[in-house]
Amino acid sequence: MGSGTVEQVGSLKKANPGKATILALGKAFPHQLVMQEFLVDGYFRNTNCDDPDLKEKLARLCRTTTVKTRYVVMSEEILRKYPELVIEGQPTVKQRLDICNKAVTQMAIDASKACIKNWGRSVSEITHLVYVSSSEARLPGGDLYLAKGLGLSPETHRVQLYFMGCSGGVAGLRVAKDIAENNPESRVLLATSETTIIGFKPPSADRPYDLVGVALFGDGAGAMIIGSDPIPSTERPLFELHTAIQNFLPDTEKTIDGRLTEEGISFKLARELPQIIEDHIEAFCDKLIRNVGFSDEDYNKIFWAVHPGGPAILNRMEKRLDLLPEKLNASRRALADYGNASSNTIVYVLEYMLEESSKTKRQDQGDGEWGLILAFGPGITFEGILARNLTV
């Protein structure tokens with residue numbers, strides 16, 4: 001597994017006393033890098049399928065996702081060891097979990113170590129752990145194996161969030177914010193880790209929606225350190241987390257439908273998902289921004305760190321909110337470079353947001369101090385955090 005670090009600039013603005021802040025970010029990936037232009041041939045070769053109609057459908061989907069590269073745990077070595085993964089109808093959940101449990105733990109360890117290095121303090125000073133994944137199932141859970149792998153104190157307080165899908169990263173950040181603000185001097189490690197092996201299947205005309213996942217999703221891990229009242233001499237806060245909310249839309253639970261079966265996880269994404277998000281996004285965002293006196297007229301004055309569920313969701317948000325094209329640059333870059341990596345992706349978006357805000361400042365386009373961190377997941381659930389960028 002490989003980890004990634006980015007130079008994280010020091011804070012220029014002071015955090016408000018008692019408010020939770022993101023103190024560091026980190027990420028990690030498996031070694032297998034997939035170029036989108038080679039994905040179709042490789043996938044059909046590895047799954048021993050020669051259906052020309054399905055192959056053309058996947059090629060068409062790959063062109064529309066805007067994804068250019070992704071990292072994946074799946075490899076030819078794994079398929080040689082577990083050839084049953086590409087046989088339709090085989091009960092393979094045990095094999096999948098054996099692979100996934102090990103992989104997500106290692107990626108979470110690598111991402112957390114990268115984050116702790118960026119933070120600059122000792123692992124012994126972490127008091128709480130929030131662990132997020134939709135790619136494993138076991139008792140004890142991945143939170144314990146991550147704590148053990150990092151050498152965290154046995155007194156570390158752990159919280160585990162399972163099967164929250166694409167909204168899991170922001171949900172975990174909301175939980176970490178609550179912990180940090182209610183436990184003075186605490187330092188919370190939030191770790192997310194995902195792999196698509198849990199749902200990897202051969203192509204089938206009976207499951208055309210599976211091809212959307214093949215074209216869109218990637219693997220990896222992300223990590224953040226969250227705490228209030230940063231120590232000026234050693235900590236450089238990146239974002240202040242002002243207000244966090246979660247809403248679910250009644251009677252939409254079938255729109256994103258995932259089931260753990262004997263063949264792994266089976267997902268169905270309804271075609272109307274982007275439309276449903278578009279119809280409700282404005283009212284949700286207004287609940288957050290009115291806390292600091294903003295209205296819909298101020299959308300282009302704030303930053304937007306949005307989980308890129310897919311290009312259709314980003315495009316519809318941009319149109320409905322009348323956003324300038326550059327407002328979703330960080331989300332589009334994360335989607336292009338890593339695909340939709342489920343709960344992890346918000347970490348990659350925030351890293352790119354730091355880069356984008358630095359460019360905006362140099363170009364004298366305003367500081368974009370305030371902004372929104374958003375994600376959408378099963379439920380349909382909306383997660384949102386009103387935040388301040390402390391680096392501009």
Side-chain angles (χ1 to χ4, degrees), residues 3 8 11 15-28 104-136 138-164 167-194 221-231 234-246 343-344 346-347 350 373 375 383 385 387 390:
S3 62
Q8 294 170 6
S11 55
N16 287 306
K19 281 291 184 183
T21 61
I22 299 176
L23 298 169
L25 301 168
K27 62 181 183 293
V104 294
T105 297
Q106 189 57 56
M107 289 190 293
I109 290 171
D110 292 343
S112 298
K113 286 182 176 179
C115 184
I116 293 166
K117 181 179 179 181
N118 288 332
W119 178 39
R121 294 178 63 184
S122 170
V123 67
S124 64
E125 297 177 90
I126 293 172
T127 59
H128 296 74
L129 171 63
V130 178
Y131 176 72
V132 180
S133 183
S134 296
S135 304
E136 62 159 273
R138 53 182 162 172
L139 294 173
D143 59 321
L144 182 71
Y145 292 101
L146 174 58
K148 180 180 178 181
L150 292 173
L152 298 184
S153 165
E155 298 179 356
T156 303
H157 293 195
R158 310 186 323 272
V159 175
Q160 184 169 253
L161 303 179
Y162 265 5
F163 294 106
M164 300 194 74
S167 61
V170 181
L173 189 55
R174 171 175 50 81
V175 171
K177 166 183 162 61
D178 288 348
I179 293 171
E181 292 177 351
N182 285 283
N183 295 270
E185 300 184 6
S186 63
R187 289 298 179 262
V188 185
L189 171 63
L190 166 62
T192 66
S193 193
E194 309 284 5
M224 308 186 207
I225 298 287
I226 297 96
S228 60
D229 302 313
I231 300 171
T234 59
E235 294 179 318
R236 303 182 302 279
L238 306 173
F239 297 93
E240 178 182 291
L241 307 177
H242 187 278
T243 303
I245 63 174
Q246 180 197 66
S343 65
N344 311 316
I346 198 62
V347 177
L350 289 172
I373 302 172
E383 292 278 357
I385 300 176
L390 300 177

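Only a predicted model underlies this, so the values are computations on that prediction, with no experimental measurement involved.
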Query raised in the report: Between the side chain of Glu240 and the main-chain N/O of Asn16, is any donor-acceptor distance below 3.5 Å?
Result: yes

Query raised in the report: In Å, rounded to the nearest 0.5 Å, how long is the span from OG1 of Thr156 to CG of Leu144?
Result: 10.5 Å

Query raised in the report: Is the backbone of Ala375 close enough, under 3.5 Å, to the side chain of Glu383 for a donor and an acceptor to pair up by distance?
Result: no

Requested in this report: Write down the atom of Ala15, the atom of Leu390, and the distance for their closest heavy-atom approach.
Outcome: CB-CD1, 4.0 Å

Requested in this report: First locate atom CG of Asn182, then atom OG of Ser228, and finally report the distance between them rounded to the nearest 0.5 Å.
Outcome: 9.5 Å

Requested in this report: Answer yes or no: is there a side-chain heavy-atom contact under 4.5 Å between Asp229 and Glu185?
Outcome: no

Report summary line: Tightest non-hydrogen contact, residues Asn118 and Leu25, listed as ND2-O, 2.7 Å

Query raised in the report: At their closest point, which heavy atom of Asn344 faces which heavy atom of Gly222, and how far apart are they?
Result: OD1-N, 3.7 Å

Query - Pair Ser135-Glu194, side-chain hydrogen bond (donor to acceptor under 3.5 Å, both in side chains): steps then yes or no - result: CA-CA 5 Å; Ser135 304; Glu194 309 284 5; 2.7 Å; yes

Report task. Identify the two heavy atoms, one from Ala221 and one from Ala108, that lie closest to each other, and give their separation to 0.1 Å. Result -> CB-N, 3.9 Å

Query raised in the report: Are Val123 and Leu152 close enough that some pair of their side-chain heavy atoms sits under 4.5 Å apart?
Result: yes

Query - Interatomic spacing from CE in Met224 to CG in Leu238 - rounded to 0.5 Å - result: 10.0 Å

Query raised in the report: Under a 4.5 Å cut-off applied to non-hydrogen side-chain atoms, are Gln106 and Asp110 in contact?
Result: yes

Query - Ser133 side chain to Ser193 backbone, donor-acceptor under 3.5 Å - result: yes

Requested in this report: Under the side chain to side chain contact (heavy atoms under 4.5 Å, CB included) rule, what do Leu150 and Leu129 come out as? Steps first, then yes or no, please.
Outcome: CA-CA 11 Å; Leu150 292 173; Leu129 171 63; 5.7 Å; no

Report task. Check whether any side-chain N or O of Glu136 sits under 3.5 Å from a backbone N or O of Gly141 as a donor-acceptor pair, and report yes or no. Result -> no

Query - Min side-chain heavy-atom separation Tyr131-Val104 under 4.5 Å - result: yes

Query raised in the report: So does Lys113 have more than 12 non-hydrogen atoms from other groups sitting under 6.0 Å from NZ?
Result: no

Query raised in the report: Are Val159 and Asp143 close enough that some pair of their side-chain heavy atoms sits under 4.5 Å apart?
Result: no

Query raised in the report: If we only count heavy atoms from C-beta on, is the Ile226 to Val130 side-chain gap below 4.5 Å?
Result: no

Query raised in the report: Where do Pro230 and Thr21 come nearest, in terms of heavy atoms and distance?
Result: CG-OG1, 3.7 Å

Report summary line: Exactly one candidate in Leu350, Val347, Ile385 meets side chain to side chain contact (heavy atoms under 4.5 Å, CB included) with Ile22; the answer is Leu350

Query raised in the report: Would you say the side chain of Arg121 lies within less than 4.5 Å of the side chain of Thr234, judging by non-hydrogen atoms?
Result: yes

Requested in this report: Look only at the side chain of Lys177 and the backbone of Leu241, and say whether a donor-acceptor pair between them is shorter than 3.5 Å.
Outcome: yes

Query raised in the report: Under a 4.5 Å cut-off applied to non-hydrogen side-chain atoms, are Ile225 and Leu189 in contact?
Result: yes

Requested in this report: First locate atom CD of Glu181, then atom OG of Ser186, and finally report the distance between them rounded to the nearest 0.5 Å.
Outcome: 9.5 Å

Query raised in the report: What heavy-atom pair brings Gly169 and Thr192 nearest, and what distance separates the two atoms?
Result: CA-CG2, 4.2 Å

Query raised in the report: Is a side-chain N or O of Thr127 found less than 3.5 angstrom from the main chain of Arg187, in a donor-acceptor match?
Result: yes

